[in-house]
Amino acid sequence: MSRAGSLPLVFCQAAGTPVALEARLVKTARLAHAPSAAEDFAQLVGLSKTSAHEEGGPWQILHCQNAGALRQLAVHGPLEIREQPLPALFPLPPLLAARCQLRGLRALLLPEAGKNQNCTLIFALPDPPEKAGE
Amino acid sequence: MDADDLNSRPITLDEALAARQAHAETHTEEAENLLKLVIFELAGERFACHGERIREIIFQAEVYFVPGCPDSLEGVINVRGDITSVIRLNDLLGLPQAPGGHRRSSILLGHGNGMDSGIRVGQVIDVVDIPESEIHPSPANLPEHLRLRMPGILYFAGQAVTLLDLDRLFADYAKGLG
């Protein structure tokens with residue numbers, strides 16, 4: 001349940017990048033050895049691995065529901081659910097929104113000053129590839 | 001009364017005051033035509049933006065990388081609790097990266113075409129008021145897309161300074177043209 005002034009998010013990793021989804025979209029999660037039939041979230045949103053990135057923890061399969069459709073998304077752990085204060089969530093600046101190629105990117109969460117970490121990318125659930133191409 | 005009258009007899013106080021008033025009005029008109037410009041260096045060349053388009057000059061900020069963006073978009077910075085993108089002006093203008101990285105660079109917080117963004121530039125040289133008449137159209141042989149982004153040229157401290165149009169730069173960049 002969300003407190004006023006905060007948003008519950010599920011935090012995980014995709015292609016070595018910290019990412020988050022709205023917790024209300026994630027129904028369950030389970031540990032897995034491989035993504036198997038689940039959609040690779042990193043591929044789905046267009047995040048590419050670089051040699052500098054590490055995969056993070058083991059695969060986690062998120063069972064997500066959006067607009068009545070059930071989806072299975074493969075991400076990397078560690079998985080964490082956290083209430084995020086709204087002032088810490090930033091909408092995308094306009095030029096970044098216009099030029100960023102990541103599908104479904106909706107907001108950013110910056111690390112605390114001086115922590116020298118990457119910002120967390122907050123996604124809406126993007127359409128499956130076949131639907132997105134229509 | 002014409003100039004000959006003034007030259008042929010001593011001037012009266014009324015005439016002196018009227019002349020002074022006219023001179024003051026002329027200067028007021030000139031002051032209205034002054035443009036505030038922020039002049040900066042980038043890759044060995046000098047550029048300027050209209051001061052009214054620059055909200056702030058930031059000399060040091062932590063830039064957070066955002067994947068999935070073109071190389072010309074350096075990342076985002078936190079400006080007193082709000083975030084803004086930072087674009088690399090040298091990439092937009094096809095200029096080489098400055099040697100020595102960001103050691104002497106600044107970020108101009110610019111506003112153009114209804115959008116705000118940080119602009120990575122080299123060293124800020126000066127913020128000056130320049131008469132509008134000192135700004136000349138950019139050379140006609142400049143390619144049209146550059147002429148629209150760089151509509152004027154002026155000389156400051158003996159060096160050519162290219163005036164940039166942030167409205168055009170930001171609009172082009174948002175359309176993927178930068």
Side-chain angles (χ1 to χ4, degrees), chain A residues 5 13-20 41-56 75-76 84-124 126 132, chain B residues 49 53 55-56 58 60-89 91-93 102 107-121 149 164-178:
Chain A
Q13 300 256 324
T17 303
V19 299
F41 185 75
Q43 276 186 14
L44 186 68
V45 299
L47 275 170
S48 55
K49 273 179 275 191
T50 69
S51 56
H53 288 146
E54 292 182 12
E55 279 293 0
V75 296
H76 283 280
Q84 199 59 50
L86 298 188
L89 305 177
F90 296 103
L92 302 182
L95 289 182
L96 189 143
R99 296 299 300 270
C100 188
Q101 307 252 314
L102 300 180
R103 296 174 56 225
L105 181 63
R106 294 291 309 280
L108 298 173
L109 179 62
L110 298 193
E112 288 173 39
K115 286 226 168 170
N116 201 22
Q117 296 167 334
N118 292 328
C119 55
T120 301
L121 311 178
I122 303 170
F123 286 91
Chain B
C49 291
R53 295 291 190 208
R55 287 170 33 210
E56 193 172 336
I58 296 176
Q60 199 167 17
E62 189 167 4
V63 181
Y64 298 97
F65 170 74
V66 179
C69 297
D71 289 343
S72 53
L73 206 156
E74 189 176 327
V76 296
I77 53 172
N78 187 342
V79 185
R80 290 182 294 279
D82 206 356
I83 67 166
T84 186
S85 51
V86 178
I87 55 175
R88 293 191 175 114
L89 187 57
D91 284 350
L92 271 66
L93 301 177
H102 296 162
I107 296 170
L108 307 181
L109 281 190
H111 178 82
N113 199 45
M115 295 175 277
D116 289 333
S117 181
I119 307 157
R120 173 74 71 183
V121 301
R149 294 176 194 176
L164 300 172
D165 181 343
L166 283 194
D167 283 328
R168 189 75 196 196
L169 271 170
F170 283 8
D172 282 355
Y173 193 72
K175 285 185 215 159
L177 301 175

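Chain letters run A, B, ... following the sequence lines, proteins first and then strands; every chain starts at 1.
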Closest approach of A:Cys119 and B:Phe65, non-hydrogen atoms and distance?
SG-O, 3.6 Å
Minimum heavy-atom separation for A:Cys100 to B:Pro67, with atom names?
SG-O, 3.6 Å
Contact part of A:Leu92 toward chain B, heavy-atom cut-off under 4.5 Å: side chain, backbone, both or neither?
neither
With only heavy atoms counted, which part of B:Leu73 is less than 4.5 Å from chain A, the side chain, the backbone, both or neither?
side chain
So CZ of A:Arg99 and OG of B:Ser72: to nearest 0.5 Å the spacing works out to 5.0 Å
A:Pro93 side chain near B:Asp116 side chain, heavy-atom distance below 4.5 Å:
no
Can you confirm whether A:Gln101 is buried at CD, in the sense that more than 12 heavy atoms of other residues, nucleotides or ligands lie under 6.0 Å from that atom?
no
Tell me every residue that passes side-chain contact (heavy atoms from CB on, under 4.5 Å) with A:Ala98, counting only those two or more places apart in sequence or in another chain.
B:Ala174
May I ask you to name which of B:Gly114, B:Pro70, B:Ser117 has the most heavy-atom pairs under 4.5 Å with chain A?
B:Pro70
With a 4.5 Å cut-off on heavy-atom pairs, point out which of A:Leu102, A:Val45, A:Leu96, A:Leu95 contacts chain B the most.
A:Leu95
Residues in salt bridge (Lys or Arg N to Asp or Glu O under 4.0 Å) with A:Arg106, at least two apart?
none
Between A:Thr120, A:Leu110, A:Asn118, which is the residue that forms a side chain to side chain contact (heavy atoms under 4.5 Å, CB included) with B:Tyr64?
A:Leu110
To the nearest 0.5 Å, what is the distance between SG on B:Cys69 and CG on A:Leu105?
8.0 Å
